Every structure is written in C-alpha cells, then in structure tokens.
Amino acid sequence: IEWKNPLYKKSNFLGSLHNSKKFFFSVFFLIYVVLLVLNFLTPLIADDFAYIYKTEGFHTIFHDEYLQYITQNGRSVAHILVRFFLLLPKFIFNFLNPLVFLIISYLIYIMTNFSNQKWNTVRFLLIIILIFLFIPQFGETILWETGSFNYLWTFGIMLLFVSKFHFAVINNDKMKSSWQIIYMFFLGIVAGWCNENTSAGIILIASGYMLVYKFVNRAKIEKWMKTGVLGLTIGFIIMMSSPGNKIRSSWFERSSWSLPKKLLYGLRDVSNTISEHAYVMIFIAVISIIFCIFLYKTKYNYLFGIIYLFVGGAVCYSLALSPSGYTWGRSFFGGVMFIIIAIMMCFPTFEVHKIGHIINPIFTTLYIMLIFSAFFTSTNALYDTYYSYSEVTKRYKVIEKEKQNGNLNPVVPDFNFQPNTSYPAYSNKLSHINEDINYKYNIYTADYFDVNTVKAIPMKEWEEKYGRW
C-alpha cells in the first residue's frame, strides 16, 4: 500500500491549490505584506546615521565611497547602494526591500525546482521558512537598511550571476553571443566585489558548474563562463586589496596573532558556533542529499546539492581566519544561504512515484515540524521587533521634542536594552550613541537630527533627572 502524502492528496483543498498560480502569488503577496510591516518597524539605527553623515549628496557618492575604500574596507558595491538609498526617504527602501527578498527567494525556487510543478507553493514556502529559521541575525541582515545592502541585496547580485551558469548547465545551453561574454564579465566584477567570504564562495560555485558542464554535459566550456569567472576574480581582488581592510583588521586583537594560532582557535570557534546554532540545518541538508542520492536523484540535483553544501561549509569555515567574524552573526549569512540552497536542491518534490511510501512520510513530518517551529519563532520575533521599534523611536522622539522646545543638546536613555531574539535589526552590540558627545556615533546622530549634541545616559539616571520612562 503506497502512503499518500496529505499535503498533495488531490481530493482535498490543499491538493487543489498546490500547483495553482493564483494561490502561489497570493502567498507571495502575503509574505510581502508581512515583510513590509517588519521593514516599517525597523527605524534607522547605528551605521545608517554614519553613512548619511559621510555622504554629502548624490554627486559625491563615488568619491565618498573611495575614501572608505582606502580607510575602512573594500565592500564598495554594497556601500554605494547604502549611500544612495539612505539619501532617499526611508519608505522607498521599506517597499523595495521585501520585493528584493522575495525575488531572491523565487530565484532560489526556480533554480532548485526539478519537478513538473511550476507553481509549487509548498516548496516556495519551505524556502521562506528555512531562511526565516536559520539565517543568523535576521534583522541585521534582512531588515536593517545598511545590513540588508551588505548581505541580502549583494547576495541577490551574486545569485543572479551564478544562476546564468545554473540554467546553462541544466538546459545545456550554448550561448554564443558576444554581448553575453561582455555582460558576464562586468556582472562578474560586481558580484566579486560584494562580500569577502560570500564572493569567494561564488567563485567556487561557478567553477563547480563549469566542471559539471564539462564532465557531465560533456560540453566545451563557453567563453562567457570564462569571462564571468575572470570578472569575478578581478572584482574579488579589487575588494580584498582595499587599504582600508588592513586598517579595519587592526582594530581586532586576533589580527596580531600568528597564522597557525589564528587558524587553530578559529577552526575551534567556528565549529563550536555551527554545532550550537546550525546543527539542525546541517542535519536537514545531509539527510536530503543522502536520500536524494540513493532514492530519487536526477542528473543534476544531488551534484548541485553537494556543491552548495561544500561551498557553504567552506564559506563558514573561512571565518576562522577573520579578525572578528567567527561568532554566529552576519558574517555567516552567505554560507548559510548556500546550505539552504543545498537543501532545496535535494529536498523531495512529494510527487507520486514508486519510493513515495519511503520518503514522503519522513520529509512531510520534517516539513510540518519546520512549520510549527517557524510559527512559534515568529510570535517572539514579531514581539521583539515591535518592542525594539518602540524603544528606539521613543528615544528619537525625545530628541525631536527637546529640539522643538529649544534644547539643542538633548539627553536620552542609553541603548543597553537587548531583545530576546535576533529578529529585530536593533541590537545593543551595534554602535549607538553613548555618554560622550564627541563619540563619532553621537556626532552622526546629532547631525541627522540637526541638534548641537546628543548623548545617552543610563536609564536609572535618566529617570531620576527627567521622570519615569
């Protein structure tokens, strides 16, 4: 007796909707609305004020970014986008950012959908759930304006680049036009110039696709593939050659360690971090790939799953050599996204076939557990996001009210409160104003609100002076 998956039983309501274009885009729109609300609940914070302060206007963006390239870091593509959008009203970003998130999710969907179901809503929703549950510092990498450009938007650029390789391999395309050669070269430069460890991972993934194209498809590697990888490498070298990288790394104690010591401690720390925060995700990836290989592999799905899992792990472990990014945080974003793609490459489609009675119960149970986990997590995430929004904007309102009353040196409670989850963009580990009016973030914030100075003092002290918060 073959086990029938309740998610896809034709006679029930869900079964009639699972491959419906209308239902697919209804869910798409619902997710957009949820993300839109979360973006509006994310005020400007920390580095947002820094980039506004350091960017005189649209006409100085490239010059201002060049100054950062030589003094702080080489992630110029991300920071040009940051500077541009921070000069615009915040609501523009709020409307665009959820769309970018969904476009990236949809691109992952079409890259990993090896079934005949074009509008598989259950599968698309799984991608959203995996990102929501496993991306470290969701608020800082997806909702925070500065963080989103550094991680989410630039990942979209890199995924767009590598998707050309993906579809060329699975469709065995022979694109001969000269514009493709030029286009991929320049897109490669941009993709390679996005993010240190993730751009390095894209080089590995593009190389993996080229190997599959040559040895599995038995096709000659196209010129546009070569120019694309060349562009990637050039962009990566430009980013890593930034004089500012050396200056910034000197801020951290680990930069003075010897290479063997840095590697030894780094590998330990990254392993501990992954085992603490990502073991469930790794388990899902490994079990998906193993079942895929032995029960339902196609010509490509298991190969791509292995490539993305390997590169995702390599991207994470490259942080062992980082002067600062080996704890579970934004630096793991690219590696985790690659592992999520590995899962989706090999996660079953739940279509009826001869081994459905084996895989369907297992993966349906896993899927339902992820849904429940996402639901329970989302309630805490929404509360934390609203609480953080209320606390931060309340401080900003104090500054604005004091300014209206003629006080150009306002004082607010400190930013030492901490959410219980990582879903708000706010964290007290980010750089905020403090008691020193000459501290750079105090200067950035005072300039934004057009006051002389601003400072933050402990909550208890503030309440003694100004009344109950």
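The structure presented is a predicted model; accordingly, all values stated were derived computationally and were not measured.
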- Test side chain to side chain donor-acceptor pair (under 3.5 Å) on Asn416 and Asp414 and set out the steps. CA-CA 6 Å; Asn416 282 340; Asp414 58 27; 3.2 Å; yes
- Mind listing the closest non-hydrogen atom pair of Leu87 and Gly57 along with its distance? CD1-C, 3.5 Å
- Query: Using a distance-only test with no angle check, is there a side-chain donor-acceptor pair under 3.5 angstrom linking Arg75 and Asn150?
  - Reply: yes
- Query: Do Tyr151 and Ile142 have side chains that get closer than 4.5 Å, going by heavy atoms?
  - Reply: no
- Task: Scan residues 427-440 for pairs that pass salt bridge (Lys or Arg N to Asp or Glu O under 4.0 Å), counting only residues two or more places apart or in two chains.
- Result: none
- With rounding to the nearest 0.5 Å, note down the distance linking CD1 in Ile343 to CG in Leu370. 8.5 Å
- Query: Relative to the ring of Phe91, is the ring of Phe95 parallel (under 30°), tilted (30 to 60°) or perpendicular (over 60°)?
  - Reply: perpendicular
- Any chance you could measure Phe101, atom CZ, to Leu96, atom CG, to the nearest 0.5 Å? 15.5 Å
- Message: Using every non-hydrogen atom in the two residues, find where Gly467 and Trp462 come nearest and quote the distance to one decimal.
- Response: O-CZ3, 3.4 Å
- Message: Are Ser288 and Phe363 packed together at the side-chain level, in the sense that at least one heavy-atom pair is separated by less than 4.5 angstrom?
- Response: yes
- Task: Heavy atoms only: give me the nearest Lys54-Arg83 pair and the separation to one decimal.
- Result: O-NH1, 3.3 Å
- Quick check: does any side chain N or O of Lys394 sit under 3.5 Å from a backbone N or O of Trp469, one acting as donor and the other as acceptor? yes
- Query: Do Tyr53 and Tyr444 have their ring centres less than 6.0 Å from each other?
  - Reply: yes
- Can we call the ring centroids of Phe149 and Phe93 under 6.0 Å apart? yes
- Item | Interatomic spacing from CD in Gln418 to OG in Ser427 - rounded to 0.5 Å | 4.0 Å
- Message: Tell me if the aromatic rings of Phe155 and Phe161 count as close, with their centers under 6.0 Å from one another.
- Response: no
- Query: Can you check whether Thr112 reaches Asn301 side chain to side chain, under 4.5 Å on heavy atoms?
  - Reply: no
- Could you tell me how the ring of Tyr106 sits relative to the ring of Phe24: parallel (under 30°), tilted (30 to 60°) or perpendicular (over 60°)? perpendicular
- Nearest heavy atoms of Leu107 and Ser163, plus distance in Å: CD1-CB, 4.1 Å
- Minimum heavy-atom separation for Cys194 to Ser199, with atom names? N-OG, 3.5 Å
- Message: Is it the case that the ring center of Phe85 lies less than 6.0 angstrom away from the ring center of Trp153?
- Response: yes
- Between atom OG of Ser242 and atom CE of Met239, what is the distance when rounded to the nearest 0.5 Å? 10.0 Å
- Using the six-membered ring wherever Trp is involved, compare the ring planes of Tyr109 and Phe124 and label them parallel, tilted or perpendicular (cut-offs 30° and 60°). perpendicular
- With under 30° as parallel and over 60° as perpendicular, where do the rings of Tyr69 and Trp193 fit, or are they tilted in between? perpendicular
- Can you find a pair of side-chain heavy atoms, one from Ile104 and one from Ile108, that are under 4.5 Å apart? yes
- Task: Please find out if less than 6.0 Å separates the ring center of Tyr426 from that of His432.
- Result: yes
- Message: Tell me if a side-chain donor or acceptor on Gln72 pairs with a main-chain N or O of Gly244 at a distance below 3.5 Å.
- Response: no
- Message: Would the distance check show the side chain of Asp48 and the main-chain N or O of Thr146 forming a donor-acceptor pair, the cut-off being under 3.5 Å?
- Response: yes
- Query: Is there side-chain contact between Tyr51 and Val82, with heavy atoms separated by less than 4.5 Å?
  - Reply: yes
- Report the residue from Phe376, Phe138, Phe375 that forms a ring-ring contact (aromatic ring centres under 6.0 Å, His included) with Phe132. Phe138
- Query: What's the verdict on side-chain contact (heavy atoms from CB on, under 4.5 Å) for Phe332 and Asn197, showing C-alpha distance, side-chain angles and the deciding distance?
  - Reply: CA-CA 9 Å; Phe332 282 85; Asn197 59 346; over 6 Å; no
- Query: Side chains of Thr421 and Asp384: do they bring a donor and an acceptor to under 3.5 Å?
  - Reply: yes
- Task: Take Phe333 and Asn195 through the side-chain contact (heavy atoms from CB on, under 4.5 Å) test and state the conclusion after the steps.
- Result: CA-CA 10 Å; Phe333 181 88; Asn195 182 283; over 6 Å; no
- Item | Pair Tyr383-Thr379, side-chain contact (heavy atoms from CB on, under 4.5 Å): steps then yes or no | CA-CA 6 Å; Tyr383 170 81; Thr379 57; over 6 Å; no
- Query: Say you draw a straight line from CD1 of Ile399 to CG of Asn407; how long is it, rounded to the nearest 0.5 Å?
  - Reply: 10.5 Å
Report all side-chain donor-acceptor pairs from residues 449-458 shorter than 3.5 Å, counting only partners two or more places apart or in another chain.
unit_1, atom_1, unit_2, atom_2, d
Thr453, OG1, Asn409, OD1, 2.6

- Just by distance, with hydrogens left out, do Lys90 and Asn94 show a side-chain donor and acceptor under 3.5 Å apart? yes
- Query: So, do Leu102 and Ile31 sit near enough that their side-chain heavy atoms are less than 4.5 Å apart?
  - Reply: yes
- Task: Under the salt bridge (charged side-chain N to carboxylate O under 4.0 Å, His left out) rule, collect the residues that match up with Glu391, sequence neighbours excluded.
- Result: Arg395
- Just wondering, do Ile52 and Leu44 contact through their side chains at under 4.5 Å, heavy atoms? yes
Do any side-chain atoms of residues 305-320 form donor-acceptor pairs under 3.5 angstrom with protein atoms, and if so which ones, sequence neighbours left out?
unit_1, atom_1, unit_2, atom_2, d
Tyr308, OH, Tyr209, OH, 2.9
Tyr317, OH, Ser271, OG, 2.8
Ser318, OG, Val315, O, 2.6

- Determine, step by step, whether Phe304 and His166 satisfy the ring-ring contact (aromatic ring centres under 6.0 Å, His included) criterion, reporting the C-alpha distance in whole Å, the side-chain angles of both residues, the deciding distance to 0.1 Å, and the verdict. CA-CA 9 Å; Phe304 294 159; His166 178 87; 5.1 Å; yes
- Query: Just how far is it from atom CE of Met345 to atom CD1 of Ile339, taken to the nearest 0.5 Å?
  - Reply: 14.0 Å
- Message: Show, in sequence, the C-alpha distance, side-chain angles and deciding distance for Ile433 and Val412, and conclude whether the side-chain contact (heavy atoms from CB on, under 4.5 Å) test is met.
- Response: CA-CA 9 Å; Ile433 60 176; Val412 298; 3.7 Å; yes
- Message: Checking Thr60 against Asp64: is there a side-chain donor and acceptor pair closer than 3.5 Å?
- Response: yes
- Message: I'd like to check Leu382 versus Tyr423 (side-chain heavy atoms, cut-off strictly below 4.5 Å). Are they in contact?
- Response: no
- Mind checking side chain to side chain donor-acceptor pair (under 3.5 Å) for Asp47 and listing every partner two or more places apart, or none if nothing turns up? Tyr441
- Within the side chain of Thr445, is there an N or O that forms a donor-acceptor pair under 3.5 Å with the backbone of Asn442? no
- Residues pairing under side-chain hydrogen bond (donor to acceptor under 3.5 Å, both in side chains) where one sits in residues 335-346, two or more places apart or in two chains, turn out to be none
- Query: Would Asn73 and Asn245 satisfy side chain to side chain donor-acceptor pair (under 3.5 Å), going step by step from the backbone distance to the final call?
  - Reply: CA-CA 5 Å; Asn73 67 47; Asn245 286 334; 5.6 Å; no
- Task: Decide if atom CZ of Phe167 counts as having more than 12 heavy atoms of other residues, nucleotides or ligands within a radius under 6.0 Å.
- Result: yes
- Message: Please find the pair of heavy atoms, one from Ile284 and one from Ile287, that lie closest to each other, and give the distance.
- Response: O-CG2, 3.3 Å
